[in-house]
Engineer: 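Sending over a structure as C-alpha cells; questions will come in a sec.
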Protein chains: 2
Amino acid sequence: MTEPDRGQQTRELIVDTALRLFRERGYDETTMRAVAKEAGVSVGNAYYYYASKENLVQEFYLRLQVEHEAAAQPVLERETDFGARLRGVLHAWLDVAGAYHAFAAQFFKIAAEPTSPLSPFSAESSPSRDAAIALMAQVVEGSTARADPELRADLPDLLWLMTLGIVLYWVHDRSPEQANTRLLIDRAVPLVDRLVGLSRLRIMRSVTRDVIALARLLRG
Amino acid sequence: MTEPDRGQQTRELIVDTALRLFRERGYDETTMRAVAKEAGVSVGNAYYYYASKENLVQEFYLRLQVEHEAAAQPVLERETDFGARLRGVLHAWLDVAGAYHAFAAQFFKIAAEPTSPLSPFSAESSPSRDAAIALMAQVVEGSTARADPELRADLPDLLWLMTLGIVLYWVHDRSPEQANTRLLIDRAVPLVDRLVGLSRLRIMRSVTRDVIALARLLRG
DNA sequence: GTCTATAGCAAGATAGAC
DNA sequence: GTCTATCTTGCTATAGAC
C-alpha cells in the first residue's frame, strides 16, 4: 500500500524548498543541510534525489524556460513585425527572469563551467537549448522579415547567441529593475533588424555568406 | 642578515607550485593542503601570501597577459594590414594559452561569476582589461584600416569583446590543439575586416551609428 | 615581518545500516 | 527510500618560534 509516487512527492518537496531558499537567501548561503531541514528530510535523502547542489539549479532553468515560453506566446500571436517580435520575446524573458535576478547572477558561474551539464552548450542542455532556438525560429517564421533566404535558416541560431549575450549583460546589470538591459535590447533589436534587411543587398553578399559560415562553425 | 626578498621567494615558490599542480591535476583536484605540502610550507603560510585559492588563479591571468603581449609584439612590428594584425594577435593568444587549455577551462567558471574580482568586467580586473583593450588599440592604430572615424575610436572596445567571445569558444573547444578556435579566428577576422571597411559607406551610416551607441552602452 | 604546527569550523558529498 | 555518521576540503584561528 505504499504510495506509488511517494518518491516524486519527496523530490518535488526538496526542489521547491531549495528554490524558495535560493530566492530568500541566495545560492551560496543556502546549505544542503538547510534545504533538508526545511523540507523535513535528511541530508542523505536530499542527495538521493539530487546528486549535487548544482542539480537543483537545473530544475530552476527548466521552470524558467517554461515560464518564458508562456510569456512569449501573447507577443508571437500579436506581432508580425520582426523587430517587434524579437523585442517582445526578449522583454518577456526579462519579465519572468527579473524576480530571480539577485540569485540567478550568483549561480551563473555554474552555467559558465564548460564541463558542467548546466552549460548552455552541453549535451545535457540540448532539450532546453533546442527549445530556446525553436522559440527564435518562431520569431523569424511568423514575421514579415525579408532576409537573405540562406541567412534566414541560420537566423534562429544567431538570435539564440544574441540572447546569451544579453543574459550575460543582464547578470552583470546592477541598474534598478535591470533597466539597462531593457535599454540594451531596445538598441540592439533595431540594429539586428536593419542588418537582416541589408543582408539581401548585393554589396552585403560576401558579408552575409561569411556570417552564415560562421554560424555553422559555431553550431559545430 | 635576513634575506630582504625572502618573502618574495616564498610567494613565488607557492604560486609556482600551485600553477604546476593546477596543470597536472586540475583546479578542483588541487587542494591547498597539497600546494602547501609540495611547496614545503605550512597551510597557514600559503594563506599568508594568498588570501584564497582563487587568488592563485589571478596570478595565472597576469602571467598569461604578459606572455600574450610579448608574443603579440612581433606581429605588431611586422604587419600593417588590419586583418593580418588582428589575426596575428589573436593567434598569439592561442599560442601562449594553448599549454593551459585543459585547466584554464576548469577554472573559467571563476571568471564568469559576476561578483568575483576575477571577472573580466570587475573593477579589480581593470588593469588587465585596460591592457588588453590597449593592445587592441595598437592593432587598430598601427594598421591601414579605413573605418568610419567615429567607429574607429570604439573599435578597440569592440575587438576586446570579440576576444572574449573567442575565449568563450576556446574553453569549450575540444578539437585537437584547439584547431577549431583557429578556424574561428580565420573566418571571423576577414568578416570583421570587411564590416569595418563597409562602415564608411553611406548606406551603412545608421547601422554604424547604432553599433557605436551599443558599444558605448556596453562600456557603461 | 615570516613561518610552523595544530586544532577546528562549515558545508558539500558519501557510506552503509535499516 | 530514508536515515545517521563520517569524510573531505576550503578556510580560519591561535600560539608561538625566529
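In what follows, every chain begins at residue 1, and chains take the letters A, B, ... in the order their sequences are listed.
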Engineer: Would you mind telling me which of B:Val167, B:Ile166, B:Thr181 makes a side chain to side chain contact (heavy atoms under 4.5 Å, CB included) with B:Leu94?
Structural biologist: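 Result: among B:Val167, B:Ile166, B:Thr181, B:Thr181 is the only option passing the side chain to side chain contact (heavy atoms under 4.5 Å, CB included) with B:Leu94.
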
Engineer: Does a side-chain N or O of B:Tyr48 approach OP1 or OP2 of C:dC3 to a distance below 4.0 Å, or not?
Structural biologist: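 It does not, given that no N or O in the side chain of B:Tyr48 lies less than 4.0 Å from OP1 or OP2 of C:dC3.
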
Engineer: Does A:Thr10 have a side-chain nitrogen or oxygen under 4.0 Å from the phosphate oxygens OP1 or OP2 of D:dT2?
Structural biologist: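 So the side-chain polar atoms of A:Thr10 do come within 4.0 Å of the phosphate oxygens OP1 or OP2 of D:dT2, strictly under.
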
Engineer: Please give, in whole Å, the distance from D:dT8 P to B:Met32 CE?
Structural biologist: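 About 19 Å, once rounded to whole Å.
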
Engineer: To the nearest Å, how far apart are B:Ile14 CD1 and C:dT2 P?
Structural biologist: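 About 11 Å, once rounded to whole Å.
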
Engineer: Output the rounded distance in Å from CG (B:Leu13) to P (C:dT2).
Structural biologist: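 These atoms are roughly 15 Å apart.
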
Engineer: Is the A:Tyr100-A:Phe22 ring centre distance short of 6.0 angstrom?
Structural biologist: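 No, the ring of A:Tyr100 stays outside the 6.0 Å limit from the ring of A:Phe22, centre to centre.
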
Engineer: With no hydrogens and no angle check, do the side chains of A:Ser125 and A:Ser128 hold a donor and an acceptor under 3.5 Å apart?
Structural biologist: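 Looking only at side-chain atoms, A:Ser128 and A:Ser125 do not form any donor-acceptor pair under 3.5 Å.
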
Engineer: Hey, is the side chain of B:Ser42 poking within less than 4.0 Å of OP1 or OP2 on C:dT4, counting only N and O atoms?
Structural biologist: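 For B:Ser42, the contact criterion (side-chain N or O under 4.0 Å from OP1 or OP2 of C:dT4) is met.
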
Engineer: Given that B:Ser52 and A:Val43 both sit by DNA chain D, which one's nearest nucleotide is further toward the 5' end?
Structural biologist: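 Going by which nucleotide is closer to the 5' end, it is A:Val43.
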
Engineer: Under 3.5 Å, is there an N or O donor on one side and an acceptor on the other linking the side chain of A:Arg33 and the base of C:dG12?
Structural biologist: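 Check passes, donor-acceptor contact within cut-off.
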
Engineer: Quick one: is A:Tyr50 getting a side-chain N or O under 4.0 Å of the C:dA13 phosphate, OP1 or OP2?
Structural biologist: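 False: A:Tyr50 side-chain N/O out of range (4.0 Å or more) of C:dA13 OP1/OP2.
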
Engineer: Send over the distance from A:Gln9 CD to D:dG1 P, rounded to a whole Å.
Structural biologist: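 Spelled out: CD on A:Gln9 to P on D:dG1 is 12 Å.
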
Engineer: B:Tyr27 ring centre to B:Lys53 NZ or CZ under 6.0 Å, with the angle to the axis within 45°?
Structural biologist: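 Here B:Lys53 passes the 6.0 Å and 45° test against B:Tyr27.
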
Engineer: I need the CG-C1' distance between A:Asp28 and D:dG10, as an integer number of Å.
Structural biologist: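 Checked: the CG to C1' distance equals 13 Å.
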
Engineer: Rounded to whole Å, please give me the gap between CD in B:Gln8 and P in C:dC3.
Structural biologist: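 That distance rounds to 11 Å.
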
Engineer: So does A:Glu177 have more than 12 non-hydrogen atoms from other groups sitting under 6.0 Å from CD?
Structural biologist: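 No - once you tally the heavy atoms of other residues, nucleotides and ligands closer than 6.0 Å, there are 12 at most.
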
Engineer: 5'-most contact on DNA chain D: A:Tyr49 or B:Tyr27, nearest heavy atom basis?
Structural biologist: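 The 5'-side residue here is A:Tyr49.
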
Engineer: Using whole Å, what does the distance between atom P of nucleotide D:dT14 and atom OH of B:Tyr47 come to?
Structural biologist: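 It works out to 17 Å between those atoms.
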
Engineer: Check whether any side-chain nitrogen or oxygen of A:Asn45 sits under 4.0 Å from OP1 or OP2 of D:dC3, and answer yes or no.
Structural biologist: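 Checking D:dC3 against A:Asn45, a side-chain N or O does come within under 4.0 Å of OP1 or OP2.
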
Engineer: Side chains of B:Asp186 and B:His91: is there a donor and an acceptor less than 3.5 Å apart?
Structural biologist: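 The criterion, which ignores hydrogens and geometry beyond distance, is satisfied for B:His91 and B:Asp186.
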
Engineer: If we count only N and O atoms by modelled type, under 3.5 Å, do the side chains of A:Gln73 and A:Glu69 hold a donor and an acceptor together?
Structural biologist: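 Short answer, no.
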
Engineer: Counting Watson-Crick and G-U wobble pairs whose two distances are both under 3.5 Å, find the runs of 3 or more in a row that involve DNA chain C.
Structural biologist: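 The stems are C:1-18 with D:1-18.
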
Engineer: Whole Å only: how far is the CZ atom of A:Arg6 from the C1' atom of D:dG1?
Structural biologist: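 Those two atoms, CZ and C1', are 6 Å apart.
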
